[in-house]
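We count ligands from 1, going down the list as the structure has it; atoms in each ligand are counted the same way.
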Amino acid sequence: MLNDKLRTSALALATATAAGFGLVAAGTATATDEDSEQSLMERLQADAPNNWGKWGEDDEVGALNYLDAEQVLRGTQAVRSGDTFTLQIPMTHGSGPVFPGRVPMQHYMAQDGASYSSGKADPLAGGVKFSDDVAFMYLQGTTHVDGLAHAWYGEEIYGGESADSTVHGHAHGSVGALGERGIAGRGVLLDVGRHMGGDNNRLPVETCIHLDDLQATAEAQDVEIEKRDILLIRTGSLPRFYEDEPDAEWNAMNEPGLCYSHELLEWLDDMETPAIAMDNIAVEKVVQEIDGETAIIPLHGALMRDLGIVLSEINWLEDLAADSAEDGQYTFLYTAAPLKVEQGTGSPVNPVVIK
Ligand code: UVW
């Protein structure tokens, strides 16, 4: 029975992956007509900031190198009340906001009370009984952190390693390296949804968030974004998925998010931004028009591959944001522990914020 379910799950995952490839192929086709041409990203990024080699040739954690002990202490200095907020969404069997081509987690009981009542399992010596469960999931199928090799353009990933190093698992820049390091530092919440979103504190679908929107939000919140702050940016988009009729508006492709610009990249680089966590599916607006061409998740290429900035997606920021709107405290200690998935692309994560 369980094996049948697992086989069905594997099939669903394979089918979804194929669908995902369709999306990638569509994006590639719009970026370049001939293989010999440089892609839009290669052209755009030729004179954009780049951190390859900054932390040594073998570096796999990129801008997390900015989070040294001093930065962790700076994070602790932002703690006032000790109130904690967890940022992961619930992991629900068969349901969850995921990027097109992925499927939500599938969770099955391998052993439970019925195993004993049906006689399939016996209590352990002394009488203890136990349950077991198993999950199939895209590792980016819930709140997650991406390894730096997760997205690239051209033939090289973060650090200039060959894209061949992604085949059959990431030999370089896997999320496991981020898991070894851990993430801790001062976080600052930029509640753009509340600042620019009207009565429902939520940005309309298709909204591009630009650098001046981040700066205007910080000003309205009376908070200074400091160098090496971890940026938590709220759009207000994620609750759309959980409403009674989520399909009415929620769509991974039309969610509000950051939009590509050199200005934004230069600012993030100057600010030595280690990581960006957001409450949408891809941090950025998935489909963007740049210089009259369509680009799908261009910031994934620019931020991960070139700057080594770590991205975290599908964060639940509603409770933290409501609390911050009430007490005016937008800075805190942010911690997150990606799982040590060797050669992995991404990892589920449940970040903890301490105010
Ligand atoms: C993609 O956007 C493809 O992946 P993620 O959202 O996990 O970074």
Between Thr273 and Leu268, is there a donor-acceptor pair closer than 3.5 Å when you use the side chain of the first and the backbone of the second?
->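 Confirmed, Thr273 side chain pairs with Leu268 backbone.
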Note to self: Using modelled atom types and a 3.5 Å cut-off, is there a donor and acceptor pairing between side-chain atoms of Arg202 and backbone atoms of Gly236?
What the structure shows: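 Here the side-chain-to-backbone pair exists.
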Check each N or O atom of ligand 1 against all protein N or O atoms and list the pairs under 3.5 Å, with atom names and distances to 0.1 Å, one per line.
unit_1: ligand 1; atom_1: 2 (O); unit_2: His300; atom_2: NE2; d: 3.3
unit_1: ligand 1; atom_1: 4 (O); unit_2: Arg102; atom_2: NH2; d: 2.9
unit_1: ligand 1; atom_1: 4 (O); unit_2: His150; atom_2: NE2; d: 3.0
unit_1: ligand 1; atom_1: 6 (O); unit_2: Ile281; atom_2: O; d: 3.0
unit_1: ligand 1; atom_1: 6 (O); unit_2: Glu313; atom_2: OE1; d: 3.2
unit_1: ligand 1; atom_1: 6 (O); unit_2: Glu313; atom_2: OE2; d: 3.2
unit_1: ligand 1; atom_1: 7 (O); unit_2: Arg102; atom_2: NH1; d: 3.0
unit_1: ligand 1; atom_1: 7 (O); unit_2: Arg102; atom_2: NH2; d: 3.3
unit_1: ligand 1; atom_1: 7 (O); unit_2: His144; atom_2: NE2; d: 2.8
unit_1: ligand 1; atom_1: 7 (O); unit_2: Asp146; atom_2: OD1; d: 3.4
unit_1: ligand 1; atom_1: 7 (O); unit_2: Glu313; atom_2: OE1; d: 3.3
unit_1: ligand 1; atom_1: 8 (O); unit_2: Asp146; atom_2: OD2; d: 2.7
unit_1: ligand 1; atom_1: 8 (O); unit_2: His150; atom_2: NE2; d: 3.1
unit_1: ligand 1; atom_1: 8 (O); unit_2: His300; atom_2: NE2; d: 2.6
unit_1: ligand 1; atom_1: 8 (O); unit_2: Glu313; atom_2: OE1; d: 3.0
unit_1: ligand 1; atom_1: 8 (O); unit_2: Glu313; atom_2: OE2; d: 2.9

**Q.** Spacing of CD belonging to Gln45 relative to CG belonging to Asp306, to within rounding of 0.5 Å
**A.**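 Spacing of CD (Gln45) from CG (Asp306) equals 4.5 Å.
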Can the positive tip of Arg186 be found less than 6.0 Å from the middle of the six-membered ring of Phe332, inside 45° of the ring normal?
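Not satisfied by the 6.0 Å and 45° rule.
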Check Asp323, Asp279, Leu238 against Glu318 for a side-chain contact (heavy atoms from CB on, under 4.5 Å) and give me the one that passes.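 Answer after filtering Asp323, Asp279, Leu238: Asp279.
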- request: Quick one: do Glu156 and Ser162 satisfy side-chain hydrogen bond (donor to acceptor under 3.5 Å, both in side chains)? Show the steps, please.
  value: CA-CA 5 Å; Glu156 291 164 315; Ser162 164; over 6 Å; no
